[in-house]
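Any value given below was found using the heavy atoms of this structure, including those in side chains, with hydrogens, waters and symmetry copies removed. Heads up: numbering here begins at 1 and tracks the sequence.
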Amino acid sequence: MESVETHRKLLEKKVTLGYDESVEQLKAAQQQYHLVLQETNEERRTVVNNLASVLTTAANHLSIVEKFLEDQHKRVDRVYTEAFREDEVDIQKMKDIMESFIAKVNSM
């Protein structure tokens, strides 16, 4: 009987030690999990901030390019209109010179 009781106490002690060791491993795993979770959240915040910065920069760049293209379009339109008017004036002068020349030739 005494041998059985000693064996039971020894088993109980080993079970308790195993349980305590398992609890310590669980606590270590939980601490590791929380540390990894915190690092992941920090990295996620960094990525989100970087992405927001990139998107803001891209949107600003797009706005600047759009404004530049609008200004260029206005400038080209103005230059084209002025050149067209000048060409019309030159064409009219050439027509007048030609009519004058034809009139002189016909009067001869």
Connected-component partners of Leu10 among ILVMFWY, side-chain separation under 4.5 Å: none

Transitive ILVMFWY side-chain link Phe68 to Val65, under 4.5 Å: yes

Output a table of donor-acceptor pairs, distance under 3.5 Å, between side-chain atoms of residues 93-108 and any protein atom two or more places apart or on a different chain; print 'none' if there are none.
from   : atom 1 : to     : atom 2 : distance (Å)
Asp96  : OD1    : Gln92  : NE2    : 3.1
Asn106 : ND2    : Ile102 : O      : 3.4
Ser107 : OG     : Ala103 : O      : 3.3
Ser107 : OG     : Lys104 : O      : 2.9

Under 3.5 Å, which donor-acceptor pairs link side chains of residues 55-64 to any protein atom two or more places apart or in another chain?
from  : atom 1 : to    : atom 2 : distance (Å)
Thr56 : OG1    : Ala52 : O      : 2.8
Thr57 : OG1    : Ser53 : O      : 2.9
Asn60 : ND2    : Thr56 : O      : 3.4

All side-chain hydrogen bond (donor to acceptor under 3.5 Å, both in side chains) counterparts of Asp90, not counting sequence neighbours: none

Fellow cluster residues of Phe84, listed by chain then number, with links counted only when side-chain atoms sit under 4.5 Å apart: Tyr80

Contact list for residues 6-18, test salt bridge (Lys or Arg N to Asp or Glu O under 4.0 Å), sequence neighbours left out: Glu5-Arg8, Arg8-Glu12

Pairs where residues 51-63 contributes a residue and the test salt bridge (Lys or Arg N to Asp or Glu O under 4.0 Å) is met, not counting sequence neighbours: none

Hydrophobic cluster partners of Leu37 (side-chain heavy atoms under 4.5 Å): Tyr33

Sequence neighbours excluded, every pair satisfying salt bridge (Lys or Arg N to Asp or Glu O under 4.0 Å) that has a member inside residues 61-87: Lys67-Asp71

Residues clustered with Val23, ILVMFWY side-chain links under 4.5 angstrom: Tyr19

Pairs satisfying salt bridge (Lys or Arg N to Asp or Glu O under 4.0 Å), at least one member in residues 23-42, at least two apart: none

Which residues share a side-chain contact (heavy atoms from CB on, under 4.5 Å) with Val36, sequence neighbours left out: Gln32, Thr40

